[in-house]
Amino acid sequence: MGISRRSNVVDILEERGLLESITSENLRSACSSPNPNSAPLRVYCGFDPTAESLHLGNLLGLIVLSWFQRCGHKTVALIGGATARIGDPSGKTLERPELDNETLEKNTLGIVGIVNSILGRWSEEKIFNLNSNVGSEENPVRNSSFVVLNNFDWWKEVRLLDFLKNVGRFARVGTMMAKESVKKRLESEQGMSYTEFTYQLLQGYDFLYLFENEGVNVQIGGSDQWGNITAGTELIRKILQVEGAYGLTFPLLLKSDGTKFGKSEDGAIWLSPLMLSPYKFYQYFFSVPDADVVRFLKILTFLGLEEIRELEEEMKRPGYVPNSLQRRLAEEVTRFVHGEDGLAEAFRATEALRPGAETSLDWKTIEGIAQDVPSCSLAYGQVFEVSVIDLSVSTGLLESKSAARRLIKQGGLYLNNYRVENEGKKIVGGDIVDGKILLLSAGKKNKMVVRIA
Ligand SMILES: Nc1ncnc2c1ncn2[C@@H]1O[C@H](COP(=O)(O)OP(=O)(O)OP(=O)(O)O)[C@@H](O)[C@H]1O
Ligand SMILES: N[C@@H](Cc1ccc(O)cc1)C(=O)O
């Protein structure tokens, strides 16, 4: 299915499993305006800078924003510089630890960078394709289909008395207490602080502020954001006495065991290449179980549903090469998050880490994979003319010389991806790639990058 400015984004999200709830069916009709010249919607999604990077769960917000962009609407990514100081109780059993200003600033920089590179890349490609201007010098993407704002910019001006008088008066305590995020916490032993209880009003006020000042009329978020989003639509209705502000939530992305992708558990799938290399990111998707791959293709990629159906059929045919769908998924998601360069880096590292690969290794490629595999530094004298067997043990790749000998016999020990055939093989100058580095591999999985100090 071709996407155009006239495609109804709500229908698209629904077909792909990206729609949980909308505050009013009128949003659907607002998206399918028969008049192609009618004003596009302005849609926002907020991200509290509670870590230095966004993760796979947060990617859904960026994907949904991107779907809005692709259907001709404008988007705002909001960084919660103010709200992160309070901590969203939604979906949390315990109060969030307080973040100091330095951490908040570092996290904000990290997240702004990620959002800009993911959403900005698509906007720029689009703008480039349309051969038009990329906006003003001060804010190069403001005129394009997306902008990044920080709610600290307006919250730092808000005075408590004004807030209570102008906003708090319209918020009903009964409604606030009935929100899922509050009910759950009130039942817990620790209860809930007044500060956290206020969070929904802060997010609600953001929507009101953005509605009035930036023309934003839709807020999106994960299903746990419903209470905060409706706090905003209610404030807009009560304070401004207008309809026309909508909320949309998407389901939380779950693993096949039913747990959610988040940042608290081990092995979070970070979007920042500094926290998870494009190679590891790619490999994660390359290895997802068959049971998840079609669902992920629908949710995490922009491939047409027809194409996804064909891929699904392919999977059932005899002769299907295992992981072909995963390969496609990994390519599409890595390209969206890390761009063509990141995908190329993932391919290079995948190739470099494949024993028996034909590509010749250079220093940069081996250095590039060093963050993903164990590495060590040795002096030239500890490497030059040393047997591969001894080196496998001194670097910690293998436990013993006998294990190394056994592996050579089985054809499983590699030096710079070439199989070591001879037990007496010693390292010569030509084995040290670019005079700096070498790669030892024991079987397919265990690697050791050796830097020559
Ligand atoms: N798995 C997910 N699927 C979809 N959206 C998610 C997912 N995880 C988080 N989000 C969205 O990102 C927002 C921010 O995530 P939040 O910081 O609350 O929790 P988290 O990053 O999942 O961390 P934790 O692992 O500590 O629960 C959430 O409110 C939610 O809307
Ligand atoms: N509450 C959202 C972030 C957010 C912050 C401010 C908003 O206005 C909107 C959303 C979260 O936990 O991720």
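Atoms within a ligand are numbered from 1 in the order they appear, just like the ligands themselves. Every heavy atom of this structure was used, including side-chain atoms; hydrogens, water molecules and symmetry mates were not.
Taking the six-membered ring wherever Trp is involved, the centroid distance between the rings of Trp155 and Phe163 falls below 6.0 Å. Separation of the Phe281 and His338 ring centroids falls under the 6.0 Å cut-off. Taking the six-membered ring for Trp and the full ring otherwise, the centers of Phe347 and Tyr279 sit at least 6.0 Å from each other.
Listed by atom number, the atoms of ligand 1 under 4.0 Å from His55 heavy atoms are 8 (N), 9 (C), 20 (P), 21 (O), 22 (O). For ligand 2, the atoms closer than 4.0 angstrom to any heavy atom of Tyr199 are 1 (N), 2 (C), 3 (C), 4 (C), 5 (C). For ligand 2, the atoms sitting less than 4.0 Å from at least one non-hydrogen atom of Leu78 are 6 (C), 7 (C), 8 (O), numbered in the order shown with element in parentheses. Close contacts of ligand 1 with Gly262, meaning ligand atoms under 4.0 Å from a residue heavy atom, involve 22 (O), 25 (O). Close approach of ligand 2 to Gln219 (heavy-atom distance below 4.0 Å) involves ligand atoms 9 (C). Each of the following atoms of ligand 1 lies closer than 4.0 Å to a heavy atom of Gly222: 31 (O). Taking every non-hydrogen atom of Asn151 and a distance limit under 4.0 Å, the qualifying atoms of ligand 2 come out as 6 (C).
Using modelled atom types, one finds no donor on one side chain facing an acceptor on the other under 3.5 Å when comparing Gln225 with Gln219. Side-chain contact, Asn228 with Ser90: a donor N or O sits under 3.5 Å from an acceptor N or O. Glu243 and Asn26 share no side-chain donor-acceptor pair at under 3.5 Å. Between Thr50 and Lys263, the side chains place a donor N or O and an acceptor N or O closer than 3.5 Å (distance only, hydrogens not considered). Residues Asn217 and Tyr44 bring no donor and acceptor atom of their side chains to less than 3.5 Å of each other.
Within a 6.0 Å sphere centred on CZ of Arg85, other residues, nucleotides and ligands contribute more than 12 heavy atoms.
Looking from atom 2 (C) of ligand 2 to the surrounding protein, the closest heavy atom is Gln225 OE1, 3.3 Å. In terms of protein heavy atoms, atom 13 (O) of ligand 2 is closest to Asp48 N, 3.9 Å. Ranking protein heavy atoms by distance to atom 8 (O) of ligand 2, first place goes to Asp206 OD2, 2.6 Å. Given atom 12 (O) of ligand 2, the protein heavy atom at minimum distance is Asp88 OD2, 3.1 Å.
Distances shorter than 4.0 angstrom do not occur between any heavy atom of Phe47 and any atom of ligand 1. Contact annotation: Gly80 has no heavy atom less than 4.0 Å from any atom of ligand 2. Not close to ligand 1: Asp48, with no non-hydrogen atom less than 4.0 angstrom away.
The two atoms that bring Val115 and Val148 nearest to each other are CG1-CG2, 4.0 Å, heavy atoms only. Taking all atoms of both residues into account, the shortest heavy-atom contact from Asn8 to Val10 is OD1-N, 2.9 Å.
Between Asp88 and ligand 1, not a single N/O pair is under 3.5 Å apart. For Phe261, a nitrogen or oxygen atom sits less than 3.5 Å from a nitrogen or oxygen atom of ligand 1, counting backbone and side chain alike. Considering backbone and side-chain N/O of Leu253, one or more are found under 3.5 Å from N/O of ligand 1. For ligand 1, the polar-atom distance check against Ser90 finds no nitrogen or oxygen pair separated by under 3.5 Å. By the 3.5 Å distance cut-off applied to N or O atoms, Gln203 is counted among the residues near ligand 2. Some N or O of Gly57 is nearer than 3.5 Å to an N or O of ligand 1, by distance alone. At under 3.5 Å, not a single nitrogen or oxygen of Phe250, backbone or side chain, sits near a nitrogen or oxygen of ligand 1. Looking at ligand 2, you won't find any N or O of Thr83 less than 3.5 Å from one of its N or O atoms.
Under 4.0 Å is where a charged nitrogen must lie from a carboxylate oxygen, and between Arg335 and Glu332 at least one such pair does. With respect to the salt-bridge test (charged N to carboxylate O, under 4.0 angstrom), the residues Asp292 and Arg295 qualify. The pair Glu313-Lys316 meets the salt-bridge criterion, with a side-chain N (NZ, NE, NH1 or NH2) lying under 4.0 Å from an Asp/Glu carboxylate O.
The closest non-hydrogen atom to atom 27 (O) of ligand 1, taken over Lys255, Lys92, Glu20, Lys263, comes from Lys92.
Only side-chain heavy atoms of Tyr44 come within less than 4.0 Å of ligand 2; its backbone N, CA, C and O stay farther off.
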